[in-house]
Structures are given as structure tokens and as C-alpha cells.
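Below is one structure, written out as C-alpha cells, with a few remarks after it.
Start at 1 and go down the list; that is how both ligands and their atoms are numbered. By convention here, the first residue in the shown sequence is residue 1.
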Amino acid sequence: MQKRVLSGMQPSGKPHLGNYLGAMKPHIELQNEFECFYFIANYHALTTVRDQKKLAEMTQELAIDYLALGIDPKKTVFFKQSDIPEVTELTWILSTITPFGLLERAHAWKDAIAKGKKNPTAGLFIYPVLMASDILAYQSDLVPVGKDQKQHIEIARDIALTFNSTYGETFKLPQDLIDKNVETILGTDGVHKMSKSYGNTVDIFADEAEFSKQVMSMVTDPARIKRTDIGHPEICNVFALQKIFNLPKIKEIERKCREGKLGCVENKKFLCETIFTELKNAREKRIELRKNLDYIDKVLNTGAKKARKVATETLDRVKRHTGL
Ligand code: SF4
């Protein structure tokens, strides 16, 4: 039997290269090996987005982005988190066995408090329980995460273990699936992780002019003023991206940079063209999908039916085991 992979993506606006390389592309590749359940985490997004129109739009756009990039609804169960009420019901049940201290130690909560977040909500505090519920409701085997998100899976495992030892074997224990090839993608500033909050993104579906402008604004080796200056590719973020997008040419790029025979502008133009070519089909498909929103709804509704069937079976079991 194929192992089941689960992942949730928060709708947060335009996807950037960091999202694409760190999550979207690996998610799509996993479809060929595993049974994948992917959902749009619009309940999670509610902890930060307070605009009804914006949340609905971002949810729809994320569905379009993923389908354009290659999610295949015939292989993958693709749905909206809010279409599965069993998960929120399970969240309450799991919260009754989750120690307060475990949630206090969650990185996202600790960061929010350390940064002096005003009026932190109960939703933000119990966010890891909802996440555990998402993972456990579908009896997931594997959850793809970045190295910095491993704690989410540890919390879900802790909660599952506590439940199983209290009420009897109910949940499968999930494992993290960390893609060792996925490195942190730095933003155009070459310093911080690519993120909307730093304003350093390259937006994969921006129009050609904007996309090119963002790539061309990338900071490179500061020692290179003239084309003939000796470069240090190991400290250059454009070089790091070339390793991903132009691996067969990487030795030549490195040599030419070190010998002062390659201009940064030239290298960035080459990178820009390569990424654009890789995304060409997705960009065209995206335009077509936007003209057919009924199809998007149909895909999400069909996915929700399949996901709900599994979540209902789990919740029935949980209710039996707890005496509800
Ligand atoms: S030539 Fe390329 S690798 Fe070298 S510093 Fe410039 S952008 Fe970076």
C-alpha cells in the first residue's frame, strides 16, 4: 500500500520562488510516489487574515496556482480545510488531552510572545492542535516539512501518543518528511529568507517585466563592481539559485565568475530566462484555469468528499474510544 502524505498550504497571496522551491515543486513531485492529501489551510489563515474578500480570493488563487503547477486531482486529494468539519471537531477532543505546557513551547507561539505581539489569540495558541488534528484525521504516514517546522510533527506525534495510551490504539504516528535537497531560499537582499514580510520576493506568477525586475534586483557579491572583478560565487545568492536551475552549467558559471569573465547582469539574465522557461507551461495553464472557476470548485468539492470520508471514519473511531 502506498504511504499517505499530508500537507496544508496557507493562502498568503502571491507565491514566490521560496514557496515554489521549498514546498510547491516538492509537493507536486511527491504525487508520483505517494497517496497525497493536500489542503488549503484557510482555517489556519484566519489567525492572521481578517478580510473576508481577501481570504476567499487568496484561497481560490492558491488552488489555481497549485493546479497550474501540476497538482493532478486524479492522483491527489486536493481540498479546502474548512470543508472538513470533522477536523475542527477533532481539534476540541485533542485539546482536552494536550498539555498547556506543550503549546507554550511551540516555536510560533514563543516567537509571537517574544516579539511582543499585541492581544495574541487563543486560536494562535492552539494552532498546533488544529495542525495535529489535520495530520491525525487522515491517518497520515508522512508530512513534508522544512527543517524549521519539524516541531509541528513532534507535537502531533506527542498528542497521538497521549491519545493512544489513554484511549487505546486510534491514530497512526506520523513522521516528518524532510527533503534534504531543499535549502533555505534567500530573498533578493541575499540576507534574509525569501518572505513577503521582508519584501524580498521573486513572485513566480508576476508578469514578465515585474518578474525580470525582481530577479535583476538580486544582490550579488559586493566585491564585483566591474565585469572583470574577481567574484566569490560561494557568497552569491544568484549562484545558489543557478545551482538549482542551471546545474549542468554550474562549473562554467563558477569558473567564469572567479576569473572575472562573467558579468552579474549577464548571469542574472540567464537565471531569469531559465526560471521563466521552467514556469512557462504553468503560467499559460494558470491563465486558462482562471477562466474556468467552476472547474476549480469542482476539483475542491470532489477532493473534500474523499477527504471527509477518511476524516469521518477517524472521528467515529475517536468517539467510540472516548465514549462520546
Ligand atoms: S557573476 Fe554570477 S555568481 Fe558571480 S557574483 Fe555575479 S551573479 Fe554571482
Report the C-alpha separation of Arg258 and Glu234 in whole Å, then their side-chain angles, then the decisive distance to 0.1 Å, and conclude whether the salt bridge (Lys or Arg N to Asp or Glu O under 4.0 Å) test is met. CA-CA 10 Å; Arg258 289 194 194 284; Glu234 66 279 5; 3.0 Å; yes
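- Under 2.8 Å from atom 2 (Fe) of ligand 1 lies an N/O/S atom of Asn267, whether from backbone or side chain.
- Remark: ligand 1 atoms within the under-4.0 Å shell around heavy atoms of Cys264 are 1 (S), 5 (S), 6 (Fe), 7 (S).
- When only modelled atom types and interatomic distance are considered, Asp203 and His16 share no side-chain donor-acceptor pair under 3.5 Å.
- Residue-ligand proximity, Arg224 to ligand 1, at heavy-atom distances under 4.0 Å covers atoms 1 (S), 5 (S), 6 (Fe).
- Close contacts of ligand 1 with Asp221, meaning ligand atoms under 4.0 Å from a residue heavy atom, involve 5 (S).
- Using a 3.5 Å distance cut-off with no hydrogens or angles, the side chains of Lys256 and Asn267 do not pair a donor with an acceptor.
- With respect to atom 4 (Fe) of ligand 1, the closest heavy atom belonging to the protein is Cys257 SG, 2.3 Å.
- By the criterion of a heavy-atom distance under 4.0 Å, neither the backbone nor the side chain of Lys256 is placed next to ligand 1.
- Side-chain atoms of Asn42 and Ser82 form a donor-acceptor pair, as typed in the model, at a separation below 3.5 Å.
- Side-chain atoms of Tyr20 and Glu278 form a donor-acceptor pair, as typed in the model, at a separation below 3.5 Å.
- Using a 4.0 angstrom heavy-atom cutoff, Cys236 counts as in contact with ligand 1.
- A donor-acceptor pair shorter than 3.5 Å cannot be found between the side chains of Asn200 and Thr188.
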